[in-house]
Protein chains: 2
Amino acid sequence: MTDKKKNILAVALELFANDGFNGTSTSKIAKEAGVSEGLIFRHFENKNGLLHAIVQQAVERIHILIEPILIENEPKEVVRKSIELPFVVPQHEYPFWKLQFKLKWENDYAGDKMQPFIEKLTWAFAKLGYEQAQEEAEVLNHIIDSISAGILREGRQSQENLKEFLFYKYDK
Amino acid sequence: MTDKKKNILAVALELFANDGFNGTSTSKIAKEAGVSEGLIFRHFENKNGLLHAIVQQAVERIHILIEPILIENEPKEVVRKSIELPFVVPQHEYPFWKLQFKLKWENDYAGDKMQPFIEKLTWAFAKLGYEQAQEEAEVLNHIIDSISAGILREGRQSQENLKEFLFYKYDK
DNA sequence: TAACTTAGCGAGTGATCACTCACTTTCATG
DNA sequence: CATGAAAGTGAGTGATCACTCGCTAAGTTA
């Protein structure tokens, strides 16, 4: 992977996350990345291919984030780490995740990459003696989803108070 | 309000919700609405004005939805109706709300129109003796937010099981 | 070093974009 | 019925869009 190709990917990610896919022109990407416009199409065939290359990383990035939860075998720790999930995302990855959350609203979006996570949560709640582990897991997943969105839009600090509250609430 | 103007608004709403603002051309709106393209600009000045006219309705529509909750003075009923909120949205309004959820990710989005709702929820939880009413309200609001998104993307039935579960969970 | 592949450039291309404008039709009111 | 305003048209407009192509520069391998 050449430097220029990396530049294109990084700039495109930033612009797609901020201005949307249709709101970002290939000429603007080229200009900000310091490359010729033609190079984008040499490397990625077309604009959709560029988006695809970016989205490709989603699966691995999600896996990196949730792997510590998946291999955890202490139920209480599973719940605790799940609550912590939105807060451990590195700040420099925010544009990437912002784009992912945006893409959820595109018609041809694949989802749901969080399924293994939900299953692990269900397992944890069952172990902890919750009566409806499945629903409990889905609800906590909703909370995590919406908190993540809040963080990506308004910053980590806007949701910080909820972290401690959820620790307390799910620890009883 | 003339019929053609209504047509433009209805078609634009549908297309904006499905294909996004930048993904929808004024010529396509005109064609599907059965009007000349020039009429759009006579009525709404420019494409942004058209979007603005649609978004304008958001405040009133939100108010219609949450008013029954705001005037309720039985705390338990406030919580119950809040949980029910995502499920009482009329199906024909889905495109409208889908667009609203999409617009949350635009940079110049105003939000947060749900503040009075959160305050009422906080009041209800306080009345019910919850120790941290504020956080409790914020968490339930997150749940409702994410469930709503799930309904708009995958249909009401995909979240139906959570409704009863939440009734049960918040009734104890 | 010769031959070949990949990286990179930048001036095009037709299509489509949001928007304008001169014009006609419809409609309300005295 | 006359008149003026509002509604509606559709052929333009320049700008910008995603994308192409002929070319050169840089690396790689025999």
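In what follows, chains are A, B, ... by sequence order, proteins preceding strands, each numbered from 1.
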(message) Let's go through A:E37 and A:S27 carefully: what are the C-alpha distance in whole Å and the side-chain angles of both, what is the deciding distance for side chain to side chain donor-acceptor pair (under 3.5 Å) to 0.1 Å, and is it a yes or a no?
(response) CA-CA 6 Å; A:E37 197 174 348; A:S27 75; 5.0 Å; no
(message) side chain to side chain donor-acceptor pair (under 3.5 Å) for A:R153 and A:Y94? Distances and angles first, verdict last.
(response) CA-CA 9 Å; A:R153 284 199 292 256; A:Y94 280 14; over 6 Å; no
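Distance from the side chain of A:S36 is smallest for C:dG8 among the nucleotides C:dG8, D:dA7, D:dC19. Comparing C:dA18, D:dC19, C:dC9 by their closest approach to the side chain of A:F41 singles out D:dC19. Of the candidates D:dG8, C:dT20, C:dA7, the closest approach to any side-chain atom of B:H43 belongs to D:dG8. With distances taken from any side-chain atom of A:R42 to the nucleotides C:dC19, C:dC9, D:dC19, the minimum falls on C:dC9. Distances from the side chain of A:V35 to the nucleotides C:dC9, C:dC19, D:dG8 place C:dC9 closest.
A heavy atom lying under 4.0 Å from DNA chain D marks none of the residues of residues 14-34 of chain B.
Taking a cutoff of 4.0 Å between a charged side-chain nitrogen and a carboxylate oxygen, A:E136 and B:K169 qualify as a salt bridge.
By the side chain to side chain contact (heavy atoms under 4.5 Å, CB included) test, B:E32 pairs with B:V11, B:L15, B:K28, sequence neighbours left out.
More than 12 heavy atoms of other shown residues, nucleotides or ligands fall within 6.0 angstrom of atom NZ in B:K104.
Expressed to the nearest 0.5 Å, how far NZ of A:K47 lies from CD1 of A:I40 amounts to 9.5 Å.
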